[in-house]
Amino acid sequence: MAEFFVARAHRKRGFGRSAVRPDPRSLCRSLGEISEYTRNPVAVQFWRKVVTAYTRGEYRERSGNGEVRQYFSSLRPRAQS
């Protein structure tokens, strides 16, 4: 996926989190990388929460060139409830 956006009127209702929840039955599991522009702090905060919950905090984050990137493995995803 190249871009992801939730309209302001629909934020804080769980739509974004539901849309990006991985399917535990998926055969396509590998390394993940998500990047956000530092000038969009709402996106940075959203993705940090989602990646932290998904990986149980086991991810790396790097910042540079106006971006924040989270790197993680989806080989052992967290059980979704």
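All residue numbers refer to positions in the sequence shown, counting from 1. Side chains are part of it too, since the values below use all heavy atoms of this structure and drop only hydrogens, waters and symmetry mates. Values in this document were obtained by computation on a predicted structure and should not be read as measured data.
Both Y59 and Y54 belong to a single network of hydrophobic side chains, linked directly or stepwise wherever heavy atoms of I, L, V, M, F, W or Y lie under 4.5 Å apart. A chain of hydrophobic side-chain contacts below 4.5 Å, direct or via other Ile, Leu, Val, Met, Phe, Trp or Tyr residues, connects V50 to I34.
The OG atom of S73 lies 11.0 Å from the CZ atom of R60; values are rounded to the nearest 0.5 Å. The structure places CH2 of W47 at 12.0 Å from CG of N40, a figure rounded to the nearest 0.5 Å.
A salt bridge is defined here as a Lys NZ or Arg NE, NH1 or NH2 lying under 4.0 Å from an Asp or Glu carboxylate O, and E58 with R56 fails to meet this definition.
By the 4.5 Å side-chain criterion applied to Ile, Leu, Val, Met, Phe, Trp and Tyr, V68 is assigned to a cluster that also includes V44.
The two atoms that bring F72 and E33 nearest to each other are CE2-N, 4.0 Å, heavy atoms only. For R69 against S35, the heavy-atom pair with the smallest separation is CG-CB, 3.6 Å.
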_Please evaluate residues E67 and Y37 with respect to the criterion side-chain contact (heavy atoms from CB on, under 4.5 Å), reporting the C-alpha separation (whole Å), side-chain torsions for both, the decisive distance (0.1 Å), and the verdict._
CA-CA 4 Å; E67 293 184 328; Y37 292 117; 4.0 Å; yes
